[in-house]
Amino acid sequence: MLGTHEHPNLIAILLLLLTLETTLRWSSAATSIAQELEKGFWAAPESSTASFQAVMRDPSGNFSLGFLRVNEKQLFLAILHVASAEALWVANPRQAASWSGTTRLLFNGSLVLTDPKTRLSWSTATNGDRAVLLNNSNLQVQSSLRALWESFHSPTNTLVEGQNFTSAMALVSANGLYSLRLGDDFMGLYDDNQHLLYWKHSALETKTEIKQGQGPIYARVNSQGYLGMYQTNDKLPADVQKFNSFQQSVTSTSFLFIRLEPDGNLRGYYWDGSNWLLNYRAISETCDLPRPCGSYALCTPGGSACSCLDNRTRFEPGGGCSNTASADSDFCGEGNIGGRKSFRVVRRSGVDPPHKESLSHVTTSSLVECEALCQNNCSCWGALYSNSTGFCYLLDLPIQTMLGTGDGSKVGYFKFSKGEGGKKRVWVRVGVVVVVTVLVMVGVVVMGGGVCVRRWKKRKEDDWASPGPYKNLGSASFRSIEMSSSSGG
Ligand SMILES: *[C@@H]1O[C@H](CO)[C@@H](O)[C@H](O)[C@H]1NC(C)=O
Ligand SMILES: *[C@@H]1O[C@H](CO)[C@@H](O)[C@H](O)[C@H]1NC(C)=O
Ligand SMILES: *[C@@H]1O[C@H](CO)[C@@H](O)[C@H](O)[C@H]1NC(C)=O
Ligand SMILES: *[C@@H]1O[C@H](CO)[C@@H](O)[C@H](O)[C@H]1NC(C)=O
Ligand SMILES: *[C@@H]1O[C@H](CO)[C@@H](O)[C@H](O)[C@H]1NC(C)=O
Ligand SMILES: *[C@@H]1O[C@H](CO)[C@@H](O)[C@H](O)[C@H]1NC(C)=O
Ligand SMILES: *[C@@H]1O[C@H](CO)[C@@H](O)[C@H](O)[C@H]1NC(C)=O
């Protein structure tokens, strides 16, 4: 039975709890979320979750580990910056789990994500005591406070402030096309599909030199506002790429990260307490990006940017100029059915190959000789010739965006698979039999195109960074995150 004299005590306790809560700055949603996971823990996604279901948070409440829901059905185990709903790390970026009751996150010494439906089985393969999320967003599996595994050692597309990036790691863009890697004395951005180094930053070595045999270099985003490259001396960087916020006073609210984005650019962002501000970008000229205008297109620096190599096609933003050539297009030159060429040729002057410094070339004495090397070669998609140097570049992969130059002595020769445009002459010349063949071919190409589109869509679906709120950095629209506590056991 409660006596009246007991009420003041209750109120005092309530007040104390309230004060505690405000001092610790716990958000009301975060209070029920675990700060560490011990053996026996498990959680499953709940059907009522809209976009994110937190499982564990860091001591500051700024970061959260949980289930990210993408396209309704897909689940990624992710570390989010809570206030902005930005995913800073994803456990399973290449393979989604399904958002279903049979998908499990558990801790049994390893942190394990399993999904019998998609057969996903991701594990830290450790034998630790607990899993914790540190206040720098690093997820660790620890055994007596020693880290056995940490998410900082396997980044996805993002490197946060203080995280060491070594030559054993890569940042990979969410669409899987591009990567950031370290070389002996440089960092580079690679188009993994085209085996192309499209951006390279060599260490300037103004403060310290990089010495042979002293071990590999590593990189780190420094809270002072730069991306540093280091070798032996952790205090003196061998190279500094300054951000806009360079040497601005570091406050407790600020936070930095760099991210390799789906367009192939590496960008840096600065958290000012309420928004992510663009702070750095590796590539500032659009035409220097790996595929700025898509396939069969031309990018002209400083000009109207994107146009088409073939003036009979129109540039479609996001789609490039022509998708009819699929990877198995037949470019074998003469000697095909009825002696026809299986492709048509478009020539353009004033074009350069993109990133030619990292392309190999042969030297020929004339444009004709250069084109001949490509014409009869089934795996050649095009050739570019510079009359002044005699350099001949052969393109052995589907044609992406070429670079427009004002220099008319640079000529490009491009193969287009037949299937659209330029068909009339063939029809007139070869007659009804060929019309039928062409129709069949068109059918095949269209079907092939359908497969391409489907594949592409599939890839887009697997792209965990594609749902609206998570990629709109800098906009105020990404507060749509919904927190709900996990079902632990
Ligand atoms: C933890 O669970 C996974 C998946 O069920 C299993 O493969 C692994 O052997 C378990 N590890 C330990 C230490 O029990
Ligand atoms: C993060 O934690 C470390 C110790 O674990 C502490 O020194 C540091 O001040 C914390 N940083 C923030 C931003 O809370
Ligand atoms: C990064 O590397 C430096 C030098 O080896 C080390 O002192 C520091 O603790 C590392 N930071 C993290 C977060 O691992
Ligand atoms: C972390 O939380 C503090 C206190 O709420 C806030 O001032 C700061 O901006 C947060 N940092 C980040 C990176 O969100
Ligand atoms: C397209 O380019 C070709 C060759 O440069 C030129 O002869 C033709 O007139 C152009 N057609 C159009 C529609 O601009
Ligand atoms: C055809 O072109 C490819 C790519 O440019 C090249 O590797 C190959 O050697 C060429 N084949 C012939 C027979 O010239
Ligand atoms: C190419 O170079 C040769 C000799 O250098 C010159 O005679 C010719 O006019 C040039 N052709 C073009 C299209 O610039």
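Numbering of ligands and ligand atoms starts at 1, following listing order.
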**Nearest-contact summary for atom 7 (O) of ligand 3 - protein heavy atom, Å** = D234 OD2, 4.0 Å
**Message:** Students should be able to answer this: which protein heavy-atom is nearest to atom 13 (C) of ligand 2, and at what distance?
**Reply:** N135 ND2, 4.4 Å
**Message:** Under 4.0 Å from a heavy atom of R220: which atoms of ligand 3 are those, numbered in the order shown and with their elements?
**Reply:** 1 (C), 2 (O), 3 (C)
**Prompt:** Which of the atoms of ligand 3 are close to Y218, meaning less than 4.0 Å from one of its heavy atoms?
**Reply:** 4 (C)
**Message:** Classify the ring geometry of W276 against W271: parallel below 30°, tilted from 30° to 60°, perpendicular beyond 60°.
**Reply:** tilted
Answer yes or no for [atom]: protein heavy atom present at a distance under 4.0 Å?
{"atom": "atom 5 (O) of ligand 2", "answer": "no"}
{"atom": "atom 1 (C) of ligand 2", "answer": "yes"}
{"atom": "atom 9 (O) of ligand 3", "answer": "no"}

**Request:** Quick one: look at T253 and ligand 4, take heavy-atom pairs under 4.0 Å, and tell me if it's side chain, backbone, both or neither.
**Result:** both
**Prompt:** With only distance considered, is N164 within less than 3.5 Å of ligand 3 through an N or O on each side?
**Reply:**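 Checking ligand 3 against N164, an N or O pair does fall under 3.5 Å apart.
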**Any donor-acceptor N/O pair, R69 side chain to S47 backbone, under 3.5 Å** =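 Looks like yes, one N/O pair under 3.5 Å.
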**Message:** Strictly distance-based, threshold 3.5 Å: is any side-chain N or O of Q231 a donor or acceptor partner for the main-chain N or O of T208?
**Reply:**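 No.
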Can a donor-acceptor pair be found between the side chains of [X] and [Y] at a distance below 3.5 Å?
{"X": "H355", "Y": "D191", "result": "no"}
{"X": "S245", "Y": "N279", "result": "yes"}
{"X": "R291", "Y": "Y198", "result": "no"}
{"X": "T158", "Y": "R259", "result": "yes"}

**Fill in**
Taking only non-hydrogen atoms of F255 and a 4.0 Å limit, the atoms of ligand 4 in range are 13 (C)
**Message:** Within ligand 4, which atoms have a heavy atom of N62 less than 4.0 Å away?
**Reply:**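 Every atom of ligand 4 under 4.0 Å from some heavy atom of N62: 1 (C), 2 (O), 3 (C), 10 (C), 11 (N), 12 (C), 14 (O).
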**Prompt:** Are R220 and Y230 in a cation-pi contact, defined as NZ or CZ under 6.0 Å from the six-membered ring centre and within 45° of the axis?
**Reply:**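 Geometry flag: set, cation within 6.0 Å and 45°.
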**Item:** Min N/O separation H81 to ligand 4 under 3.5 Å
**Value:** yes
